[in-house]
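Quick note on labels: first sequence line is chain A, next is B, and so on, each numbered from 1.
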Number of protein chains: 2
Amino acid sequence: MNATRLDRTFAALADPTRRAILARLAAGEAMVNELAKPFAISAPAITRHLNVLERAALIVRERDGQFRRCRLNPQALQAASEWLDFHARFWSESFDRLDEHLKKTIKPRKPHVDRKPKRR
Amino acid sequence: MNATRLDRTFAALADPTRRAILARLAAGEAMVNELAKPFAISAPAITRHLNVLERAALIVRERDGQFRRCRLNPQALQAASEWLDFHARFWSESFDRLDEHLKKTIKPRKPHVDRKPKRR
DNA sequence: TGAACAATTAACATATAGGTTAAATGAATG
DNA sequence: CATTCATTTAACCTATATGTTAATTGTTCA
């Protein structure tokens, strides 16, 4: 409960329909109408997906007469992109360290006997 | 249903507990035991989170005697990172194009009358 | 103004997520 | 070999996600 911005961003990106909608919007703004076209789901289902994207601040909607115009919020990917970039880099460094460590200490097979027995 | 790799990656990253586990693992491999420590949730709940991370290929688990050692799969962030990088870049270009377009055409207020009436 | 269209909300069904406690499994050890 | 510890599985609960159809809202225009 009480999801953060990053939570909502990643959750929004976890659905292929929503990623496809975003990909379409990257080519330019569009009406709900047109966004719905490629998908075999009902209009209310599309509205829900757009709500999710909007709550994640990934898109902005504005009324244009009878229609509703959707466009990307280009800043929204920032946080998620930074999280991933940082970790992608950090992880490989971490892996390199491990790799080096393994090369130095060839299978020490330390059996973790460093536990204190519990008195009772 | 039938989630793709990217679906699973983003879904796994959408939970703060799991991101914290990943952040811990970036500092080096750890036993389930230790991963669980910072969290006020039960051991089975941790196991479930680890299952999610493993299904998303973000971590690898291997038995080490009584324990189970967890470590990152550094390649796993690749796909998600690429998706985000690509779109983050593409989006801002898209935004620039829109911006330029708006500067050229100062509020045309085109009312979208290009619809064909449906005969019946 | 009323029919038609765009989009949303309401009400509902079902699946999945994420948590719990209790029981089971597998390894270490006195 | 019986006990303890680490971890998982089983069974269950509740909230949320994602879809549906029917009804509602707001806009256009003949």
> Does A:Asp15 use its side chain to pair, donor to acceptor, with the backbone of A:Arg18 at less than 3.5 Å?
Replying inline: yes

>> Could you work out, with side chain to side chain contact (heavy atoms under 4.5 Å, CB included) as the rule, every residue matching A:Ala43, not counting sequence neighbours?
In response: none

> Of the residues in residues 36-43 of chain A, which ones touch DNA chain C at a heavy-atom distance under 4.0 Å?
Replying inline: A:Ala43

> Has the side chain of B:Asp7 got a donor or acceptor atom that lies under 3.5 Å from a matching backbone atom of B:Thr4?
Replying inline: yes

>> Between A:Asn33 and C:dC5, is there a contact of a side-chain N or O with OP1 or OP2 at under 4.0 Å?
In response: no

> Can you tell me how far C1' of D:dT7 sits from CE of B:Met31, to the nearest Å?
Replying inline: 12 Å

> How are the rings of A:His87 and A:Trp91 set to each other: parallel, tilted or perpendicular (split at 30° and 60°)?
Replying inline: perpendicular

>> Taking only side-chain N and O atoms of B:Arg18, does any of them lie within less than 4.0 angstrom of OP1 or OP2 on C:dG18?
In response: yes

>> So if I take residues 5-15 of chain A and measure heavy-atom distances to DNA chain C, which residues fall below 4.0 Å?
In response: none

>> Rounding to an integer number of Å, can you tell me how far A:Asn2 CG sits from D:dA15 P?
In response: 16 Å

>> Evaluate A:Leu72 against A:Leu58 for side-chain contact (heavy atoms from CB on, under 4.5 Å), listing each step before the verdict.
In response: CA-CA 6 Å; A:Leu72 296 177; A:Leu58 287 163; over 6 Å; no

> Atom CZ of A:Phe67 to atom C1' of D:dT28: distance rounded to whole Å?
Replying inline: 9 Å

> Under 4.0 Å between a side-chain N or O of A:Arg68 and OP1 or OP2 of D:dG26?
Replying inline: no

> For the residue pair A:Phe90 and B:Ala26, what are the closest heavy atoms and their distance?
Replying inline: CD2-CB, 3.4 Å

> Are any side-chain N or O atoms of A:Arg69 and backbone N or O atoms of A:Met31, one a donor and one an acceptor, separated by less than 3.5 Å?
Replying inline: no

> In terms of side-chain heavy atoms of B:Arg61, which of C:dA7, D:dT8, C:dG19 is nearest?
Replying inline: D:dT8

> Taking atom C1' of D:dT27 as reference, at what distance in whole Å does atom CZ of A:Arg69 sit?
Replying inline: 15 Å

> Do you know which two heavy atoms are closest between A:Ala3 and A:Arg8, and how far apart they sit?
Replying inline: O-NH2, 3.2 Å

>> In whole Å, I'd like the distance from the CG atom of A:Asn51 to the P atom of C:dA7.
In response: 13 Å

> Do the side-chain N or O atoms of B:His49 get closer than 4.0 angstrom to the phosphate oxygens (OP1, OP2) of C:dG19?
Replying inline: yes

>> I'd like to know if A:Arg61 and A:Glu54 make a salt bridge, using a cut-off of under 4.0 Å between side-chain N and carboxylate O.
In response: yes

> Can you check the B:Gln66 CD to C:dA27 C1' distance for me, whole Å?
Replying inline: 6 Å

>> In this structure, how many angstroms lie between the P atom of D:dG19 and the CD1 atom of A:Ile46, rounded?
In response: 8 Å

> The side chain of A:Pro44 lies closest to which of these nucleotides: D:dT21, D:dT8, C:dT20?
Replying inline: D:dT21

> Between atom CZ in A:Arg48 and atom C1' in C:dT9, what is the gap in whole Å?
Replying inline: 9 Å

